[in-house]
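A quick note: this is a predicted structure, and the numbers were derived from the prediction, not measured. When reading the values below, keep in mind they use all heavy atoms of this one structure, side chains included, and skip hydrogens, waters and symmetry mates.
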Amino acid sequence: MPAAAIGTYSLAQWLLFFYIYCLIGWCFESTVVSVGQRKWVNRGFMRGPVLPIYGSGAMVILISTLPIRENFVLTYLCGALAATLLEYVTGVCMEALFQVRYWDYSQKKFNFQGHICLSSTIVWGFLSLLMVNVVHLPIERMVLKLPEPLTSGLAFVITALFAADFTSSFRTAIDLKELLMRSEKLQEELLALQLRAEQLEALVEREKEKFSQEREKFTLELQSVHEKQLINLEKLRSRVSADKIRLLGRNPSALSRKYRGTLERLREHHSLHD
């Protein structure tokens with residue numbers, strides 16, 4: 001193991017390691033996704049070229065495996081489990097906070113709640129071996145060779161930029177969550193209004209159909225009554241003889257308060273046939 005054991009890294013050196021692995025993770029992830037989608041994709045939660053999940057994963061792997069990195073089996077197992085645990089906790093917390101999943105393994109076999117999966121854990125194990133025994137060695141030498149003032153200065157500047165980016169990205173994620181919530185609420189209200197409109201339209205159609213049926217029924221009844229009246233009138237006229245009608249002629253002053261209109265029509269009918 002190099003002279004710089006895990007306990008001898010300063011806070012500034014740990015921060016530089018974190019930012020370097022954030023950058024490496026961003027390069028790896030963005031390249032893989034861009035190739036898959038055949039266009040450039042700036043992966044990650046933040047705007048800058050950093051993926052904190054990779055930096056955090058690297059820190060967890062380093063802390064859990066540096067003391068045992070001579071043992072490949074233990075390095076693989078500890079690195080895989082530590083990175084998987086971090087990935088799960090981070091995924092659950094981010095979804096609970098922002099209501100958005102920034103990675104999802106739901107379509108992969110042997111996944112757990114979509115946050116972690118067996119294939120990802122296997123990859124984390126191999127990445128742990130690769131990082132601890134290959135990648136970290138030159139990075140470690142490079143960082144340890146930097147003068148302490150430069151190390152502290154770089155850590156301070158990068159941390160300030162990282163904090164500003166994280167704050168802005170966090171605010172954007174919260175705004176996105178608010179937008180999603182409002183959009184969902186608006187969609188629910190629109191669906192409720194649409195359902196109400198459909199119900200009213202169905203009610204109007206039922207009332208229109210009912211009115212049409214009642215109107216048709218009334219028309220038929222009116223026609224039936226009219227036909228019956230015509231038949232009865234003809235029957236009545238056939239029974240009334242000319243002498244009885246002439247009776248009205250002989251009594252021009254005859255008057256009926258109850259049948260006034262009918263009496264007048266009969267008198268007119270009599271005068272037309274005279």
Side-chain angles (χ1 to χ4, degrees), residues 1-35 41-70 72 74-91 93-94 102-103 105 115-116 119-146 148 150-167 169-170:
M1 186 174 180
I6 183 173
T8 62
Y9 291 154
S10 67
L11 176 61
Q13 289 169 341
W14 274 114
L15 286 172
L16 288 185
F17 289 146
F18 173 74
Y19 297 133
I20 289 172
Y21 286 114
C22 283
L23 175 62
I24 293 174
W26 176 85
C27 293
F28 170 77
E29 185 90 3
S30 296
T31 300
V32 171
V33 175
S34 298
V35 170
V41 178
N42 181 11
R43 285 285 291 168
F45 171 75
M46 300 171 63
R47 293 186 177 87
V50 288
L51 277 178
I53 184 63
Y54 279 86
S56 301
M59 296 302 98
V60 169
I61 290 172
L62 289 175
I63 292 172
S64 61
T65 61
L66 275 180
I68 56 172
R69 64 176 167 183
E70 301 298 332
F72 287 179
L74 286 179
T75 298
Y76 179 91
L77 293 176
C78 290
L81 292 175
T84 299
L85 179 61
L86 174 66
E87 187 175 35
Y88 177 77
V89 173
T90 304
C93 292
M94 290 187 71
Y102 286 88
W103 65 87
Y105 299 132
H115 296 295
I116 56 176
S119 60
S120 177
T121 299
I122 293 173
V123 171
W124 279 122
F126 285 112
L127 287 176
S128 299
L129 288 173
L130 179 65
M131 186 184 72
V132 173
N133 293 285
V134 179
V135 177
H136 187 64
L137 297 179
I139 293 176
E140 183 182 47
R141 287 193 296 267
M142 178 186 67
V143 171
L144 294 181
K145 286 180 180 179
L146 295 176
E148 180 58 29
L150 180 58
T151 301
S152 299
L154 284 174
F156 176 80
V157 172
I158 297 174
T159 299
L161 294 174
F162 184 92
D165 191 348
F166 181 84
T167 301
S169 299
F170 184 88

dist F156:CZ -> L161:CG (nearest 0.5 Å) comes out at 10.0 Å
Check side chain to side chain contact (heavy atoms under 4.5 Å, CB included) between L146 and all other residues, then give those that pass, not counting sequence neighbours. L16, L150, T151, L154
Heavy-atom distance under 4.5 Å between the side chains of L23 and F28, does that happen here? no
Excluding sequence neighbours, so at least two apart, what forms side chain to side chain contact (heavy atoms under 4.5 Å, CB included) with T65? I61, T75, C78, V132
Y21 and I139, any side-chain heavy atoms less than 4.5 Å apart: yes
Heavy-atom check, side chain of T84 versus side chain of Y88, under 4.5 Å: no
Less than 4.5 Å apart, any side-chain heavy atom of H115 and any of T90? no
Under the 3.5 angstrom rule, does the side chain of N133 hit a backbone N or O of L129 as a donor-acceptor pair? yes
Suppose we screen for ring pair (Phe, Tyr, Trp, His ring centres under 6.0 Å). Which residues come up paired with F18, at least two apart in sequence or across chains? F162
Shortest non-hydrogen pair, G55 vs C22, comes out as CA-SG, 3.6 Å
Heavy atoms of S30 and S34 approach each other most closely as O-OG, 2.5 Å
Using 0.5 Å steps for rounding, measure from the CD1 atom of I68 to the CG atom of L77. 8.5 Å
Restricting to side chain to side chain contact (heavy atoms under 4.5 Å, CB included), what partner residues turn up for V89, sequence neighbours left out? L85, C93
Taking C-beta and beyond as the side chain, do W14 and I63 meet within less than 4.5 Å on heavy atoms? yes
Rounded at 0.5 Å granularity, tell me how far OG in S128 sits from CG in L74. 12.5 Å
Sorted by first residue and then second, give each side-chain hydrogen bond (donor to acceptor under 3.5 Å, both in side chains) pair with at least one member in residues 49-63; sequence neighbours left out. E29-Y54
Contacts of V60 meeting side chain to side chain contact (heavy atoms under 4.5 Å, CB included) (sequence neighbours excluded), chain-then-number -> A82, L86
So Y105 and S120, do their side chains get closer than 4.5 Å, heavy atoms only? yes
How long is the span from the CD atom in E140 to the OH atom in Y9, to the nearest 0.5 Å? 3.0 Å
Nearest-0.5 Å distance, CD1 of residue I24 to CE of residue M131: 9.5 Å
